[in-house]
2 protein chains.
Amino acid sequence: MAKAAASRPGESHTPTMVDVALRAGVSTMTVSRALKEGSRVSKATREKIMVAVNDLGYVLDQSAGSLSSRKTGFVAAMVPSLNNSNFADTARGITDELESTGLQLLLGYTDYTVEKEEKLIEAMLRRRPEGIILTGGAHTERARRLLKGAGIPVVETWELPAKPIDQVVGFSNEEAMGLLVKTLARKGYRKFGYIGGTTSRDTRGSQRREGFVRAIEELGLPTGRLVSFGVPPISIEQGGQAIVSMLERWPDTEAVLCVSDLSAFGALMECKRRGLRVPQDIAIAGFGDYEVAAFCHPGITTVNVDCFGIGRQAARRLIQIIRGGEKKHEQEIILTGCRVVEREST
Amino acid sequence: MAKAAASRPGESHTPTMVDVALRAGVSTMTVSRALKEGSRVSKATREKIMVAVNDLGYVLDQSAGSLSSRKTGFVAAMVPSLNNSNFADTARGITDELESTGLQLLLGYTDYTVEKEEKLIEAMLRRRPEGIILTGGAHTERARRLLKGAGIPVVETWELPAKPIDQVVGFSNEEAMGLLVKTLARKGYRKFGYIGGTTSRDTRGSQRREGFVRAIEELGLPTGRLVSFGVPPISIEQGGQAIVSMLERWPDTEAVLCVSDLSAFGALMECKRRGLRVPQDIAIAGFGDYEVAAFCHPGITTVNVDCFGIGRQAARRLIQIIRGGEKKHEQEIILTGCRVVEREST
DNA sequence: GTAAGACATGTTATCGATACCAAATTAACA
DNA sequence: TGTTAATTTGGTATCGATAACATGTCTTAC
């Protein structure tokens with residue numbers, strides 16, 4: 001009690017719980033309880049404490065709190081890029097779902113590399129998150145070890161990894177792209193081209209490409225019309241460049257599918273610039289259902305992915321495990337929907 | 001020493017520094033030093049410790065560390081929306097700049113409302129960030145109080161607030177839009193229309209609108225052609241709707257300026273859909289220099305803003321103050337550049 | 001009227017690291 | 001070789017909160 005961190009006059013120090021307790025004439029424990037909802041503190045006491053809190057401008061120090069309660073209230077999430085509205089939507093889904101729970105998001109971006117992801121994971125684990133959400137299933141060996149060792153639930157999203165670490169919330173990029181091929185084949189297109197890299201940096205992109213190749217083979221259509229471009233992030237510009245080389249090498253291509261709406265849009269605009277009519281001269285489709293695909297002219301046929309839902313569900317599953325206190329939780333694989341959206345570009 | 005949190009066999013607990021110290025045969029203090037670069041520990045000892053760290057899969061607990069060092073290593077930043085590539089670029093600028101310093105970003109989005117911003121600020125302050133970056137100069141009274149009380153440097157970005165809290169990194173949205181008007185007026189356009197809301201939620205948008213109105217008046221051009229749309233976030237779709245009502249009410253409008261490239265793009269596509277030629281029948285310009293503006297057809301004239309640079313400089317200024325240990329730092333107002341980019345749409 | 005339970009509050013001992021200072025070891029130099 | 005300076009290491013207290021347990025007060029029921 002002699003402790004009394006009470007401010008020596010003149011010295012401005014950020015108030016602690018002791019200051020509040022002193023001012024309200026109660027113990028710090030009571031202050032702690034008053035500030036945590038769901039604890040029983042008498043109405044009168046709580047009011048007294050709140051007055052003191054406001055007078056002092058006290059703000060709870062969660063770093064300290066989480067040390068003793070052994071709960072940090074953090075959830076970590078990693079996306080390849082912030083600057084991609086698909087992943088931004090996922091991040092938003094996560095935040096929205098966490099908000100009500102009082103959990104806070106530690107967001108990082110990996111720049112599409114597993115090396116940066118590994119570093120990020122390590123940095124985040126130092127903050128002792130209660131759960132972690134990753135994009136995709138490609139990680140370094142060390143990252144896997146770190147995650148296992150952390151003893152917290154892990155959710156991989158946006159894909160269906162062959163060897164999941166723990167929880168999964170995603171869909172098959174391969175199947176989704178296959179579905180798009182089949183939808184367009186049904187409309188009569190036969191000579192399909194594909195635009196999108198093979199780089200290991202964008203595993204979802206590679207999976208889509210595989211899905212394309214497989215579907216083409218299954219349907220017995222002409223194969224081999226593949227154009228790839230540089231490293232992620234996928235840009236509109238790359239799409240424009242890629243369609244040029246596609247048309248140079250295979251001028252009779254009837255329909256071009258792109259790894260992303262962004263490249264599809266770039267391709268579309270380049271076609272317009274060259275006076276090609278879409279879809280009469282060439283059909284174009286994308287992936288991801290970005291806003292630009294819906295409102296450009298002509299609208300771009302694409303695959304809609306429930307980006308926001310992926311975030312929500314990933315967070316929800318984490319919360320279940322964290323708050324449910326399942327000691328040894330079961331692995332669960334949650335499939336999120338995706339569907340072809342046909343527009344004027346095909 | 002009897003403390004020895006050393007694991008009872010069979011029980012798996014996340015290892016602490018004590019475990020590492022025991023295993024390496026040194027004190028925790030030495031382990032602490034070995035893990036912090038720039039501390040003097042003999043090469044042999046450090047190696048011994050690193051072996052122990054790897055064997056145990058130990059990861060430093062920064063929550064605990066920051067409690068005793070009174071440095072959390074956090075910087076908080078708030079943007080209106082994650083799903084906007086301008087702000088995403090700013091966030092990236094911040095992260096990139098922080099990375100080398102070992103500071104970690106706590107990122108939140110306010111959904112363009114000061115109320116949500118206030119809540120977020122409070123939540124973030126509980127984590128005791130060492131500095132905080134905000135978008136814009138509009139905040140609730142309580143938010144201002146909280147920030148003052150926190151005793152940490154604050155940077156407001158993307159605007160030049162009339163009453164800055166502390167540091168500022170931004171530009172005049174009003175002037176920037178005025179510049180755009182003047183550039184187009186010089187090309188001969190006379191009947192200007194403006195698309196963009198007046199809502200208090202998007203203060204930058206309102207400032208741009210004011211800049212438009214003022215410039216039109218200064219030039220003695222026909223006034224009053226203003227169309228606003230719903231609440232932020234600004235979308236492509238809104239732009240398409242807005243141009244429709246613009247053309248209905250003022251069919252002879254020669255050039256339409258939009259609060260953002262997104263609405264400009266929506267407007268442009270709607271014009272194409274209706275068979276209007278841009279810029280012959282109507283000219284369109286935007287703001288922000290999004291990728292879509294550069295690569296759509298026709299390219300959209302716009303104002304380029306150094307989004308990434310805003311983030312970098314805001315973070316850099318914070319680091320200066322935090323690491324420099326300036327007790328009472330001076331206010332500094334850093335102007336970031338912006339410039340008109342003329343393309344085919346005007 | 002009293003025992004038993006419900007509720008409100010206080011006490012004490014941590015949580016896992018680092019600051020600060022003291023002790024021990026090694027290197028440096030006359 | 002002896003003495004001082006430089007470098008490495010260790011011990012202890014503490015950061016600011018909360019868990020767990022103890023205590024005290026007030027109901028309620030018989």
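Below, each value reflects all heavy atoms present in this structure, side chains not excepted, and no hydrogens, waters or symmetry copies. The chains referred to below are lettered A, B, ... by the order of the sequence lines, with proteins before strands, and numbering in each begins at 1.
- Looking only at atom types and distance, the side chain of B:S66 has no donor-acceptor partner in the side chain of B:S69 under 3.5 Å away.
- A salt bridge links A:K116 to B:E99: at least one charged side-chain nitrogen sits closer than 4.0 Å to a carboxylate oxygen.
- On a pure distance criterion of 3.5 Å, no polar donor-acceptor pair joins the side chain of A:R128 and the base of C:dG16.
- The residues A:R317 and A:E332 are annotated as salt-bridged, a charged nitrogen and a carboxylate oxygen being separated by less than 4.0 angstrom.
- When the C1' atoms of four end pairs are superposed on the next four at each end of the helix from C:dG1-D:dC30 to C:dA30-D:dT1, using five pairs per end, the two resulting axes differ in direction by 30°, to 10°.
- Of the residues in residues 46-73 of chain B, those with a non-hydrogen atom less than 4.0 angstrom from any atom of DNA chain C are B:Y58, B:L60, B:D61, B:A64, B:G65, B:L67, B:S68, B:S69.
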Nucleotide N/O to protein N/O under 3.5 Å, stretch nucleotides 22-25 of chain D:
none

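- Between the side chains of A:H139 and A:E117, at least one donor N or O sits under 3.5 Å from an acceptor N or O.
- Taking only side-chain atoms of B:M29, from C-beta outward, the nucleotide of D:dG16, D:dG10, C:dG10 with the closest atom is D:dG10.
- Across all strands, B:V26 comes closer than 4.0 Å only to sugar-phosphate atoms, never to a base (heavy-atom distances).
- Residue-level contact check: B:V41 touches the backbone only, with heavy atoms under 4.0 Å from sugar-phosphate atoms and none from bases.
- In summary, A:D61 and B:R126 do not engage in a salt bridge, as defined by a charged side-chain N under 4.0 Å from a carboxylate O.
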